[in-house]
Amino acid sequence: MSTHAPTTPTPATPGKSMDAIMALCKRRGFVYQASDIYGGINGFWDYGPLGAQLKKNLREAWWQDMIMNPCWGRKGPGGERVRCVPVETCIIQHPKVWEASGHLAGFADPMRKCPGCGHFVRADQLWDVLVSTSEWFNSLIQEFEPAPAGTQTPGVNSVSLLKWARGKGKRLAPNLALVRSPEVTLSWLATRVNGQPSTPPDVIEIVRHLATEQLDATGLQDPCPRCGGVLGAPAAFKLMFETYAGIIQTDDNKVYLRPETAQGVFLQFKNVVDSTRVKIPFGIGNTGRSFRNEITPRNFTFRSREFEQAELEFFCHPDESFEWYKFWRDFRMEWWQSIGLAGENLILREHAKDELSHYSVGTSDVEYRFPFTAPGFGELEGIAHRGNYDLTQHQTHSKVKLDYFDTTRGETLPNGGKKGERYMPHCIEPAAGLDRGALALICEGYTVDPSRPSPEILKLHPRIAPIKAAVFPLMDKDGLPEIADKLTDDLFAKFGRLGFIESDAKQSIGKRYARMDEAGCPYCFTIDGDSAKDQTVTCRDRDTGQQMRMSIDKVVGFVGEKLGV
RNA sequence: GCGGGCGUAGCUCAGUGGUAGAGCAUCACGUUGCCAACGUGAGGGUCGAGGGUUCAAGUCCCUUCGCCCGCUCCA
């Protein structure tokens, strides 16, 4: 994930405070803190009734538009119908999967922490970081005398180092041993330089001396690139959740909760090809929970340790892969727009060349300007051209051939058929975060209109809204509830599988409208004294507050049209 | 992980070491009937948790958990 400043500064959306959005989410049952009654648990959130349905609607929209009727029936770059099939793969897979995918290697990099300032640095990159980004380090080496030609040994002058320690050093590297107790530190260095004149110290050894206060007790220390403090011992950062498959908890049984759903697709690529008559180009979709031990879970549900992804791996011939990459990138942007993220808060950002993985020729992010990232953006979905990296990795590690024999390619045979071509398919991966999507939809829909008696409105797209319609008898008597019950039944029968149909006869009509505004219900239908006479009701629009009289038997058709069903 | 802020009713928040509060919301009854209407009531709290000081702690001290912000990290 990444956040970036927009190219042109845009003011943060006024009136949208994350505190107010979070309060509404709890008040109306969208999002609760996980384990709330025990004080919560860092990085985990639950969905309440409306949130669960909202997220289900989002997942369902993805499933419909990506798997069942991909891209709304639109044709792909080659003029063919886009074809996709689903799989549902396990959260726990063979541990070697994560070795092959590179996720395990990513963790193997031990990190070192500075107890002074809390800075983390990757152990194997410490000296690179010092040279390239550490302010104090680059200031300090200015004080060294250039190393004579052909040697690695710069000269050091105690007087100038002492001056640096009492001047610039105090500001740049307050925790560096040289700054904290210059005389002691310099005497150790002098002992070393004079003690072994035949093997003079290089820059690294000099700096390690300058970072060490009690040489005989601790040995040489490594300094923190930010404050100069003594770095702790390298420790493995485990960003994957570990557990054990089997009742004996030994390393032999250690398994991981997946950090992404995509790998499950690559693992079953061969089975899908062999069992379902799919032909390249085609996609395999997979939705489900993933887990990452985020170092700093933050910003409400945006960075959670347990989250849900909706990922498509689309396989195609290498020669067509770039066209497909552009196709999916553009469609995914359009899709998010179609469910309500239509404004300037949504951008498609193409990664710069230096951001790309070595195997990728293109990656784009669909990014949303959340209230907490504004004026920057936060990632909703990444569309990556992954080349044949994953299939190749799994082929290498599993020793199972994962290439594809394409009978539509190759030279034409005398009988008119094709000779065929064997190749490793390339893969385009649109990978969306459903929790981030749900959060973006809530943030985008959240609107404060002080001119209305109920200022807080959640303008959710009807397709996504958890409550599809509400029916209110204006009075709880005179036969009105009976008419309302009938209409409620009709709406339930038609739309009950898509979302909630609310019915409420209590309290003033204004309060009932206001409640539905906050819950994001797009349309309310009110039965009044005239309804029995002329068979009409009032349809009240959430976003405008406007009312429209319509015949009762038109209501179901009206709602269906708005829901796009 | 560091620094700052916060944590009291479903929500927003008052609360000076001395009886646990307000507004809104929820529910009931009555009145009303198209935009959080009015009246009368009701329910709802281990004051985030655990220790300590004190005759007495929501309030002071220590520890801890969670949320927000800024760093840091984000394979």
Side-chain angles (χ1 to χ4, degrees), chain A residues 1-3 17-29 31-45 48 98 101-122 175 224-227 229 232 235-240 259-260 292-305 357 371-373 378-379 449 451-457 472-478 480 505-518 524-531 537-542 544-549:
Chain A
M1 114 84 216
S2 51
T3 56
S17 105
M18 213 52 218
D19 285 346
I21 290 170
M22 289 168 66
L24 187 148
C25 279
K26 179 166 190 189
R27 189 166 70 241
R28 291 299 172 190
V31 178
Y32 309 128
Q33 198 167 4
S35 306
D36 199 7
I37 61 171
Y38 285 95
I41 174 167
N42 192 341
F44 296 89
W45 299 88
W98 311 111
S101 69
H103 289 91
L104 206 52
F107 306 158
D109 296 326
M111 304 285 285
R112 303 183 68 176
K113 194 190 82 180
C114 172
C117 68
H119 185 76
F120 290 103
V121 61
R122 198 177 281 186
N175 293 331
C224 167
R226 193 160 68 166
C227 73
F237 259 46
K238 301 195 173 183
L239 300 188
M240 270 198 294
E260 63 172 35
R292 296 184 192 185
N293 240 330
E294 300 287 356
I295 297 169
T296 310
R298 200 169 275 198
N299 288 325
F300 201 29
T301 60
F302 184 77
R303 178 168 295 138
S304 306
R305 289 183 163 141
S357 314
F372 49 79
T373 58
E379 181 186 340
D449 182 350
S451 73
R452 283 170 57 160
S454 51
E456 287 183 293
I457 310 159
F472 300 147
L474 190 57
M475 294 166 279
D476 197 10
K477 59 184 180 187
D478 300 340
L480 270 49
K506 299 291 176 65
Q507 297 191 314
S508 75
I509 193 68
K511 275 191 187 180
R512 287 181 272 170
Y513 285 155
R515 237 178 253 150
M516 288 300 110
D517 284 347
E518 279 197 353
C524 297
F525 299 94
T526 301
I527 284 82
D528 62 17
D530 292 337
S531 298
V537 295
T538 301
C539 170
R540 185 263 193 186
D541 181 276
R542 174 196 64 202
T544 62
Q546 300 213 322
Q547 301 182 170
M548 173 170 99
R549 200 72 188 172

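Predicted, not measured: the structure shown is a model, and the values here were computed from it.
Rounded to whole Å, the separation between the C1' atoms of B/A9 and B/G5 comes to 23 Å. With both ends at atom P, the span from B/G50 to B/C65 equals 15 Å, rounded to whole Å. A distance of about 27 Å separates the C1' atoms of B/C29 and B/G45, rounded to the whole Å. Using C1' as the reference atom, B/A57 and B/U19 are 14 Å apart when rounded to the nearest Å. With both ends at atom C1', the span from B/C73 to B/G1 equals 9 Å, rounded to whole Å. Using atom P as the reference point in both B/U32 and B/G39, the two lie 16 Å apart (nearest Å). Only the P atoms considered, B/G10 is 16 Å distant from B/A25, to the nearest whole Å. Spacing of C1' atoms, B/G15 relative to B/C60, comes out at 16 Å, to the nearest Å.
Listed candidates were B/C67, B/A36, B/C35. Nearest to the side chain of A/M22 is B/C67. Of the candidates B/A28, B/A75, B/C11, B/A75 carries the atom nearest the A/P259 side chain, counting heavy atoms from C-beta on. Considering only the side chain of A/W45, B/C68 comes nearest among B/C68, B/U26, B/G66. Listed candidates were B/C35, B/C74, B/G10. Nearest to the side chain of A/E294 is B/C74. The listed nucleotides are B/G33, B/U12, B/G10; the one nearest the side chain of A/L474 is B/G33. With B/A36, B/C68, B/U26 as the choices, the nucleotide that has an atom nearest any side-chain atom of A/R515 turns out to be B/U26.
Rounded to whole Å, atom C1' of B/G10 lies 15 Å from atom NZ of A/K511. Spacing between atom CZ of A/R28 and atom C1' of B/C11 amounts to 9 Å, rounded to whole angstrom units. With rounding to whole Å, A/F525 atom CZ is found 18 Å from B/C35 atom P. Taking atom OH of A/Y513 as the reference point, atom P of B/G33 lies 15 Å away to the nearest angstrom. If you measure from atom CG of A/D478 to atom C1' of B/U31, you get 14 Å, rounded to the nearest angstrom. Note: CD (A/Q507) to C1' (B/C35) measures 14 Å, nearest angstrom. The distance between atom CD1 of A/I41 and atom P of B/C65, rounded to the nearest whole Å, is 12 Å. Rounded to whole angstrom, the span from the CE atom of A/M18 across to the C1' atom of B/C68 amounts to 11 Å.
For A/Y38 and B/C65, a side-chain-to-base donor-acceptor distance below 3.5 Å is absent, hydrogens and geometry of angles not being considered. A donor-acceptor contact under 3.5 Å links the side chain of A/R298 to the base of B/G70. For A/S454 and B/C35, a side-chain-to-base donor-acceptor distance below 3.5 Å is absent, hydrogens and geometry of angles not being considered. In this model, no side-chain donor or acceptor of A/R512 finds a partner on the base of B/C35 within 3.5 Å. For B/C34, the base has a donor-acceptor partner in the side chain of A/D528 [N/O atoms by modelled type, under 3.5 angstrom].
Residue A/N293 places none of its side-chain N or O atoms closer than 4.0 Å to OP1 or OP2 of B/C73. Close to B/C67, at under 4.0 Å from its OP1 or OP2, lies a side-chain N or O of A/N42.
Within 4.0 Å of A/R542, counting heavy atoms only, lies no atom of the nucleic acid at all. Residue-level contact check: A/F472 touches neither bases nor backbone, having no heavy atom under 4.0 Å from any strand. Within the nucleic acid shown, A/G43 comes within 4.0 Å of sugar-phosphate atoms alone, with no base atom in reach, counting heavy atoms only. Using a 4.0 Å heavy-atom distance criterion, A/E518 is classed as a base contact. Residue A/Q33 is classed as a sugar-phosphate contact, given heavy-atom separations below 4.0 Å to backbone atoms only.
Pair assignment for B/C34: none, as no Watson-Crick or G-U wobble contacts are both less than 3.5 Å. Across all strands shown, B/G21 forms a Watson-Crick or G-U wobble pair, both distances under 3.5 Å, with B/C13. Across all strands shown, B/G39 is found opposite B/C29 as a Watson-Crick or G-U wobble partner, with both distances under 3.5 Å. Look at B/G70: its Watson-Crick or wobble partner, with both distances under 3.5 angstrom, is B/C2. Of the nucleotides present, B/G48 is the one that pairs with B/U64 by Watson-Crick or G-U wobble criteria, both distances under 3.5 Å.
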- [ ] Report the C-alpha distance between A/I509 and A/R540 in whole Å, list the side-chain angles of each, state the deciding distance to 0.1 Å, and finish with yes or no for side-chain contact (heavy atoms from CB on, under 4.5 Å).
- [x] CA-CA 11 Å; A/I509 193 68; A/R540 185 263 193 186; over 6 Å; no
Open item on the list: Does A/R515 form a side-chain contact (heavy atoms from CB on, under 4.5 Å) with A/R28? I'd like the steps, not just the answer.
Closed with: CA-CA 9 Å; A/R515 237 178 253 150; A/R28 291 299 172 190; 3.2 Å; yes
Open item on the list: Let's go through A/E260 and A/R292 carefully: what are the C-alpha distance in whole Å and the side-chain angles of both, what is the deciding distance for side-chain contact (heavy atoms from CB on, under 4.5 Å) to 0.1 Å, and is it a yes or a no?
Closed with: CA-CA 9 Å; A/E260 63 172 35; A/R292 296 184 192 185; 4.2 Å; yes
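A salt bridge links A/E456 and A/R27; the closest N-O separation between the charged side-chain nitrogens and carboxylate oxygens is under 4.0 Å.
Taking the six-membered ring where the residue is Trp, A/H103 and A/W98 present perpendicular rings, their angle passing 60° and hence far from 30°.
Atom CZ of A/R542 and atom OG of A/S454 lie 12.0 Å apart (nearest 0.5 Å).
For the residue pair A/F302 and A/E379, the shortest heavy atom distance occurs at CE1-O, 3.8 Å.
With contacts defined as side-chain heavy-atom distances shorter than 4.5 Å, the pair A/D530/A/R549 qualifies.
Mapped onto RNA chain B by nearest heavy atom, A/G545 and A/T301 fall at different nucleotides, with A/G545 at the one closer to the 5' end.
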